[in-house]
Structure formats: C-alpha cells, structure tokens
Amino acid sequence: MTYTDAEAVRHYEKALDSLLFFRGEVAKEAGAVLDASPRSAMGNVFRAYLGLLGTEETDAAGAAAAFEAYRRDVPVADLTPRERMHVEAASSWLDGDIHKAGSVLAELVVAHPKDALALAVGHQIDFFTGNATLLRDRIGGALSAWDQDDPHYGLLQGMYAFGLEEAGHYTRAEHVGLQAVERNARDVWGVHAVVHAYEMQGRHEDGIRFLDARRDDWSTGNYLNVHNWWHYALYVLETGHTDKVLAVYDAAVHHDDSGGAAMELLDAASLLWRLYLVGADTGHRWPVLADAWERRHDGAYYAFNDVHAIMAYVGADRISDAERLIREREAWLRDADPGLSNVPMTAEIGLPVSRALVAYGQRRHTDTVDLLLPLRRRFHTFGGSHAQRDALQKTLVEAALHARRHDLARTLLSERINLCPRR
C-alpha cells in the first residue's frame, strides 16, 4: 500500500470491515487512514468511493475535488499496478462514467480476486446500473479464490446471494444468504439478500418471520436499516394491513429525525407510491416527503433518484414541481456530455418514466400505458433492484386497468401470477 504506514493500514482494515457491514464508523476510519498517511493511495481511493456510494451529488462533488488534489500531488507512476486500477476506477466514476468504473474493477479482480474493496464497490456499481448478470458473476467469479475460513468470506456470500436473487436463482439465493447470515448475524446485506429472495417468491409471511427473528441484528446501527424496514413494510402491505405499513413508515422509513439522504427518501417515495396505487389514505405524508425532496435541490446526477422525487411530487399533487424537474432534466440533456452514464439513464428511462408518473397523477392513464409499455423490459438499465422497479410495473398494470386496456391488463397480470403464484 503505497505511502501508507502501519497505523494507516490498521485504520484501512477497520474501514473496510465497516464498509462491508454497512456500519457508520466507516467514514471515521477512512478519515483516520488519511490522518495517519495523507498521501496513502488506497486511503484516497477509499475516500473517493465513499463519496460516490451514496448516489449524492454534493458528496460526489466534494470527493472529486479531494481526489483531484491527491492526483496532482501523487504521480500515478508511484503506484502499484493494482492501485493504478483503483485510481482509474474511482476517477472514471467521479467523472460520471460509472459503467467504465465497473469494468475496470471487474478486470482488477480477475488478477486480484481477494480484493474485497474492489468486489464490494463493483457489486454496488452493478446494483446502481441494474446489471443482474454482473451482480451474480462478479462475486461468483472471485468466490472460489477465497478460503472459507477467511473472516470476510461470509460477507462475500451475502453479496453473491443478492446477485443470485437478482439473476432469478431464488432458491440458491436463499440458501447462500442464510449461510452468510449464519456466519455473521449482523451481515445486513446478507439479510437483505434473503429478504429479496422471499419477496420475489411472494413469501411475505416467511419474510416477516425472518426479519422479526433477527430484528436486533439488522434494524439499528447500520446504513441499510431503513431499506430493510422498507422491505418489511412491503411484506406487510401484501398482507393487506395498511395501518401497519404506515406505522412502519412513520417509525423507521421517514419521520422528523430522518436525515434526508437520497437512498432513504427514495424508499419512502416508493412505499407511499404503492399505497397511492391502491388508493390508500396516507394523510399528511406526501407533502412532507415532497418538501424533503425539494430541500435537496438535486441536479442531474442519478435518474433513479429523480424518478422517486417525481413520485413524491405527484403524490403530493404538486404536478407543477414534477413538470419543473422534468424540464430541468430535458435542458440538462441538451448540453450534457454523452459519455456520462446518467445521460442514457435519463434520456431513455428516467424522463419517459417521469412523464408517465405525471400522466398517472393527472389520470391520463392511456398516456401512462403508452409511455411505460415499451420500456417495461428495460427499466433495469437505470438501476435498482427488481423489487424497487416493481413499483413501475405495478403502475403499468393499474394504468392499463384504468384505461380499460383489458387484454393488456390480463396479459400483464397473467405474467405476474404465473411467475409467482403467491404474489
């Protein structure tokens, strides 16, 4: 580890462990690496990755400025080939090309399959780009190089389980995910993988029991707790208890003490949108959530986030705000660098989906169908999981029903029922 002393290495290992467990200490430990060794190659790379993993535009801008200063100070020729690839991956993502960053990290782990940071960051990139095949194979391709006694082996199993689930291997995903959780009860990503496997099979009661039995391990003290509570609420929604869904929303998903992170706000919007589709009364919650999105003042950074902001504006009946956001993204596209990953994400999926959501809010259901139907097998290209994107599939079904497109609605429902009879 170039320009990294022994104390910095100890903090790096703690930071890596915290990252894999989604612990809040990760930022403190990553900072301690650079306090001990300011020119540390991997310390600066780690800080850059942290600024990107939250899909927050302001964090990414700060990380880009710090990383540029580091690159001016430390010539790339001073670094090992492995460190250079990390620098290239971080630089590519900071420059807006998340797909290239994922490709560089994939190449890196062919030569260094036990680079846990490369695997973990690459895994999240595959999630942000909706690439189910790579979610599975990036980890699967490295796993055999690991000693099963390695303390991080179980955490790799948790990642692999999520990739298996997204690629449709639900039984195998459940099995590997349960092994991961057995190794590390607080492996919240492994818990998350099992939860996804149950969701995709319509095993909502099993999911509730699984999460209830392990609540002390996943529900607090980590960055993923809100998202796992969101999954819990989805299970409860399928049991028909709207009041309990709203209780989970108020206690854990979005409340007065919520920090306003994009990943948490999109979970809140996605949950309320599902209630909106079934006509449930959500009280004051939509206007509060719309205000939270508006306070962010997000620029064009990640189309997946934009779509959930649109949900909040439409749910709050603030159509003018939704249309303003759409106009801003249209204007951004006219001058944007075509090499930015968010350009096709916005142009091909984000904007048409946003227009469809506005049309649904205005009860222009035929327009909603016409906008969503051509995209329904390509939603994954702007990121997220099957469970997250299912809100769009549900919107299409509801719009088809309201538009009296009965043959289409029957076909869509038949697809869903035959794929997952219990859903």
Side-chain angles (χ1 to χ4, degrees), residues 1-98 100-109 111-125 128 150-152 155 221-223 259 261-263 299 301-302 340-341:
M1 295 180 65
T2 304
Y3 301 133
T4 310
D5 68 18
E7 181 185 357
V9 169
R10 286 193 294 272
H11 285 296
Y12 179 90
E13 292 292 344
K14 291 179 181 178
L16 179 59
D17 202 57
S18 294
L19 178 69
L20 297 175
F21 279 101
F22 288 77
R23 294 176 183 142
E25 296 87 351
V26 62
K28 175 184 175 183
E29 292 297 340
V33 176
L34 294 177
D35 289 341
S37 296
R39 304 179 83 220
S40 166
M42 290 309 300
N44 280 279
V45 164
F46 202 119
R47 180 173 63 182
Y49 287 149
L50 283 187
L52 292 160
L53 287 168
T55 70
E56 298 274 357
E57 182 184 25
T58 54
D59 290 350
F67 203 62
E68 178 59 30
Y70 159 74
R71 294 195 67 181
R72 287 196 301 268
D73 182 47
V74 179
V76 71
D78 292 359
L79 310 184
T80 68
R82 181 176 173 187
E83 289 170 330
R84 291 176 195 172
M85 295 185 78
H86 270 293
V87 167
E88 183 182 1
S91 298
S92 296
W93 193 353
L94 289 167
D95 288 342
D97 193 345
I98 188 172
K100 181 180 178 182
S103 295
V104 171
L105 290 173
E107 183 181 352
L108 188 158
V109 297
H112 303 282
K114 294 189 67 177
D115 189 324
L117 181 64
L119 288 168
V121 173
H123 184 66
Q124 291 300 318
I125 286 174
F128 295 147
D150 190 298
H152 287 156
L155 298 166
N222 63 82
Y223 284 126
M263 286 189 173
Y301 184 68
Y302 187 42
L340 298 174
S341 292

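Residue Lys100 places its NZ atom among 12 or fewer non-hydrogen atoms of other residues, nucleotides or ligands, all under 6.0 Å distant.
Taking every heavy atom of both residues into account, Pro38 and Asn44 meet most closely at O-ND2, 3.1 Å. Here the closest non-hydrogen pair linking Gln124 and Phe22 is NE2-CZ, 4.0 Å. Closest of all the heavy-atom pairs between Leu119 and Pro113 is CD1-O, 3.3 Å. Taking all atoms of both residues into account, the shortest heavy-atom contact from Gly43 to Val33 is CA-CG1, 3.7 Å. In terms of heavy-atom proximity, Ser92 sits nearest to Ala101 at CB-N, 4.0 Å.
Atom CG of Leu105 is separated from atom NE2 of His123 by 13.0 Å, given to the nearest 0.5 angstrom. Distance CG/Leu52 to CZ/Arg47: 12.0 Å, rounded to 0.5 Å.
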With side chain to side chain contact (heavy atoms under 4.5 Å, CB included) as the criterion, how do Arg23 and Asp17 come out once you've worked through the C-alpha distance, each side chain's angles and the decisive distance to 0.1 Å? CA-CA 8 Å; Arg23 294 176 183 142; Asp17 202 57; 3.0 Å; yes

From CA spacing to verdict: side chain to side chain contact (heavy atoms under 4.5 Å, CB included), His11, Leu34: CA-CA 9 Å; His11 285 296; Leu34 294 177; over 6 Å; no

Derivation and outcome, side chain to side chain contact (heavy atoms under 4.5 Å, CB included), residues Leu19 and Leu50: CA-CA 9 Å; Leu19 178 69; Leu50 283 187; 4.1 Å; yes

Yes or no on side chain to side chain contact (heavy atoms under 4.5 Å, CB included) for Leu155 and Phe21, after CA distance, side-chain angles and deciding distance? CA-CA 8 Å; Leu155 298 166; Phe21 279 101; 3.7 Å; yes

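No donor-acceptor distance shorter than 3.5 angstrom exists from the side chain of Glu83 to the backbone of Ala41, with no hydrogens or angles considered. Judged by distance alone, with hydrogens and angles left aside, the side-chain atoms of Thr4 form a donor-acceptor pair with the main-chain N or O of Thr2 at under 3.5 Å. Judged by distance alone, with hydrogens and angles left aside, the side-chain atoms of Asp95 form no donor-acceptor pair with the main-chain N or O of Asp97 at under 3.5 Å. A side-chain donor-acceptor contact under 3.5 Å links Glu56 to the backbone of Ala262.
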Check residues 58-74 and write down every donor-acceptor pair under 3.5 Å in which the side-chain atom is one partner and the other belongs to a residue at least two apart or another chain.
from, atom 1, to, atom 2, distance (Å)
Arg71, NH1, Ser91, OG, 2.7
Asp73, OD2, Arg39, NE, 2.9

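Using a 4.5 Å heavy-atom threshold, the side chains of Ile98 and Tyr302 count as separate. Inter-residue side-chain proximity for Met42 and Val9 is flagged as unmet; no heavy-atom pair is nearer than 4.5 Å.
Screening Val45, Leu79, Leu108 for a side-chain contact (heavy atoms from CB on, under 4.5 Å) involving Met85 leaves a single residue, Leu108.
Side chain to side chain, Glu29 and Ser18 fail the donor-acceptor criterion of an N or O pair below 3.5 Å. Counted by atom type alone, Asp115 and His86 present one or more donor-acceptor pairs between their side chains at under 3.5 Å.
The aromatic rings of Phe46 and Tyr12 sit perpendicular to each other, their planes meeting at more than 60°, with 30° as the lower class boundary.
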